[in-house]
There are 2 protein chains.
Amino acid sequence: MPSGDDRAAVQEAIRGAILRGDYAPRQRLIEAELCERFGSSRFEIRNALQDLASHGLVEFQPNRGARVREITFAEVIEITEVRRMLEGFEAARAAERVTKAEAAALKQITRDMRAAVSRSELLRYSDLNKQLHGAIRDIAAHETSARLLRQLRDQTVRHQFSLSLVPGRPSVSLPQHEAIVEAVVAKDPSAAEAAMHAHLQSVIEAFRALSAAVAQP
Amino acid sequence: MPSGDDRAAVQEAIRGAILRGDYAPRQRLIEAELCERFGSSRFEIRNALQDLASHGLVEFQPNRGARVREITFAEVIEITEVRRMLEGFEAARAAERVTKAEAAALKQITRDMRAAVSRSELLRYSDLNKQLHGAIRDIAAHETSARLLRQLRDQTVRHQFSLSLVPGRPSVSLPQHEAIVEAVVAKDPSAAEAAMHAHLQSVIEAFRALSAAVAQP
DNA sequence: GTCAGCAATAATGTTAACAACCTGCCGGGG
DNA sequence: CCCCGGCAGGTTGTTAACATTATTGCTGAC
């Protein structure tokens, strides 16, 4: 008995299952199995899979159906390089448009971040990280870049998670986040862009290090 | 009797028809009609339309099917702002990686451009413009940004076309293109990025002017 | 023991028919 | 004269069956 808006609900459920790791990269997603698991028809499953494919989370092989797309470290680095450009742009734009209320909210997030780091609350810090980047995106109010960034985000979630577990990583990124907020609040676009660039450059280098560490265990 | 790779062929045909203007923005794309025109089944048409929707060329309304997505001037400007960032990044990267053969090819394109401008061959210039941006994209060899830029390109084709008809526009952009190539060939990443930024900034301003001119006829 | 060929199975790609939905028109009532 | 309800046509959304393609496991010969 499917309720009205299963179209989006099923897609969200499958996405959640993939991001949660229920399905591993390169694992085939068999339509009949998904039908049973999510209580939907094959038609809905196919639609959901095609949408997920357009977001880059799964890929189709001719006559072999859908499977979870494997994202290599090289690709994560590429994605982060693009994020560096687009989020840098958003930070500059946010610095031009930020209101007093928004500035206060940004500063509150960095205060919470600092508290989370001092208490070693990794999950909390990771969540605040998402909040901060999201807040800047909202202030920038740039539909097109927001859409593209959202497309890229899902593909790196698994790796972002592993990055946040690197010991000492939060203490490195915390001052970078603070510098970004400082520049945005000061309404200094080029400083905001530079701070965001520096932050994501450091993320890129962390990924490179992680990649090398995994390649030679 | 559909040949093997109609899947992509039909999609390409519909895309072409839209870009050529056979279907106007906001016009509904009736599946049965497309079936007859392109000699395909409704299934293939639906697949093609969904792919086109994921590229942003058409949009779906619930229970009302697909229609050509209307792209406003505001959106074209947003898209060009993103292009400015990504193509600037690609230009910098191209400057780091360019080989001698590639440099020669780039310079040849600018020579052809200059010739096309002096002969007022607008269409030829527009084509060379695409070639130049494409060559830089190939030299940069950055899958992720190339994918996103391709996604954005289609959406602005119609407006790009109208921009290339603005009198005097080629003589403005020609030196900008030459500056980009010069910096790339000189293997100067930051100059290449700056030159690309300046070029696309000028495109943005041309769009703004065009938008204002259309708004108040 | 191993490998090629083959048949059975499983999964996807496709088709055609059906159901749900929006739209525009017509007629009746206020 | 205008507004409202419902009916008819057309269009999309969905379902179930069918065709096609990969995969797997077996058989038999070498």
Side-chain angles (χ1 to χ4, degrees), chain A residues 1-18 20-71, chain B residues 1-19 21-71:
Chain A
M1 130 199 57
S3 63
D5 54 346
D6 266 9
R7 175 75 168 265
V10 167
Q11 185 184 330
E12 204 53 40
I14 299 179
R15 155 183 287 154
I18 292 173
R20 192 181 318 120
D22 290 2
Y23 298 101
R26 301 186 57 96
Q27 180 173 345
R28 283 184 66 179
L29 297 169
I30 286 134
E31 296 178 359
E33 181 192 326
L34 298 175
C35 289
E36 190 178 354
R37 169 160 179 181
F38 297 103
S40 295
S41 69
R42 229 185 106 199
F43 181 78
E44 287 176 292
I45 294 291
R46 272 185 85 88
N47 273 357
L49 287 177
Q50 285 193 19
D51 277 6
L52 291 174
S54 82
H55 289 321
L57 214 67
V58 310
E59 65 186 350
F60 274 90
Q61 297 176 293
N63 290 322
R64 292 182 62 183
R67 66 177 190 182
V68 180
R69 220 188 87 181
E70 174 169 62
I71 287 150
Chain B
M1 134 199 52
S3 64
D5 55 345
D6 265 7
R7 172 77 167 264
V10 167
Q11 183 183 331
E12 204 53 40
I14 298 179
R15 155 184 287 155
I18 293 174
L19 294 184
D22 291 0
Y23 297 101
R26 300 187 58 96
Q27 180 172 345
R28 281 183 67 180
L29 298 169
I30 285 132
E31 296 177 359
E33 181 190 325
L34 298 176
C35 289
E36 191 178 353
R37 168 161 181 182
F38 298 103
S40 294
S41 67
R42 234 185 102 201
F43 181 77
E44 286 175 294
I45 295 290
R46 272 184 86 88
N47 273 356
L49 287 177
Q50 285 194 20
D51 278 4
L52 291 174
S54 81
H55 289 322
L57 214 67
V58 310
E59 65 185 350
F60 275 89
Q61 297 177 290
N63 290 321
R64 293 186 61 181
R67 66 177 191 183
V68 180
R69 210 176 75 129
E70 175 169 61
I71 286 149

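Order of the sequence lines sets the chain letters (A, B, ...), proteins ahead of strands, with each chain counted from 1. In this text the structure is predicted, and so the values were computed from the model without any measurement.
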Could you give the [atom1]-to-[atom2] distance, from [X] to [N], as a whole number of Å?
X	N	atom1	atom2	result
N63(A)	dT12(C)	CG	P	11 Å
R64(B)	dG13(D)	CZ	P	11 Å
E31(B)	dT15(C)	CD	C1'	14 Å
L34(A)	dA10(C)	CG	P	18 Å
E44(B)	dA19(D)	CD	C1'	14 Å
Q50(A)	dG13(D)	CD	C1'	14 Å
F60(A)	dT21(D)	CZ	P	18 Å
E33(A)	dA11(C)	CD	P	9 Å

Would you indicate which nucleotide in [options] comes nearest to any side-chain atom of [X]?
X	options	value
S41(B)	dC21(C), dT12(C), dT15(C)	dT15(C)
R42(A)	dT14(D), dT23(D), dA17(D)	dA17(D)
R46(A)	dT12(C), dT21(D), dT15(C)	dT12(C)
F43(A)	dG13(C), dT23(C), dT14(D)	dT14(D)

(request) Could you grab the distance from atom CD1 of I30(B) to atom CZ of R28(B), nearest 0.5 Å is fine? (result)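 Those atoms lie 5.5 Å apart.
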(request) Kindly indicate, with the supporting measurements, whether the criterion side-chain contact (heavy atoms from CB on, under 4.5 Å) is fulfilled by L49(A) and F60(A). (result) CA-CA 9 Å; L49(A) 287 177; F60(A) 274 90; 3.8 Å; yes
(request) Ignoring hydrogens and angles, tell me if any N or O in the side chain of R69(B) forms a donor-acceptor pair with the backbone of G56(B) under 3.5 Å. (result)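 Yes.
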(request) Please figure out whether R28(B) or N47(B) has its closest DNA chain C nucleotide nearer the 5' end. (result)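 Going by which nucleotide is closer to the 5' end, it is N47(B).
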(message) Testing the basics here: between A48(B) and I14(B), what is the closest heavy-atom pair and its distance to 0.1 Å?
(response)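 Of all heavy-atom pairs spanning A48(B) and I14(B), the closest is CB-CD1, 4.1 Å.
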(message) Minimum heavy-atom separation for Q11(B) and D51(B), please, with both atom names.
(response)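 Nearest pair, atom of Q11(B) first, then D51(B): OE1-OD2, 3.0 Å.
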(message) Taking any heavy-atom pair under 4.0 Å as a contact, classify I45(B): base, sugar-phosphate, or nothing.
(response)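 No contact at all - I45(B) keeps every heavy atom at 4.0 Å or more from the nucleic acid.
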(request) Would you mind classifying the nucleic acid contact of L49(A) as base, sugar-phosphate or nothing, using non-hydrogen atoms under 4.0 angstrom? (result)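 If one applies the 4.0 Å heavy-atom cut-off, L49(A) turns out to touch nothing in the nucleic acid.
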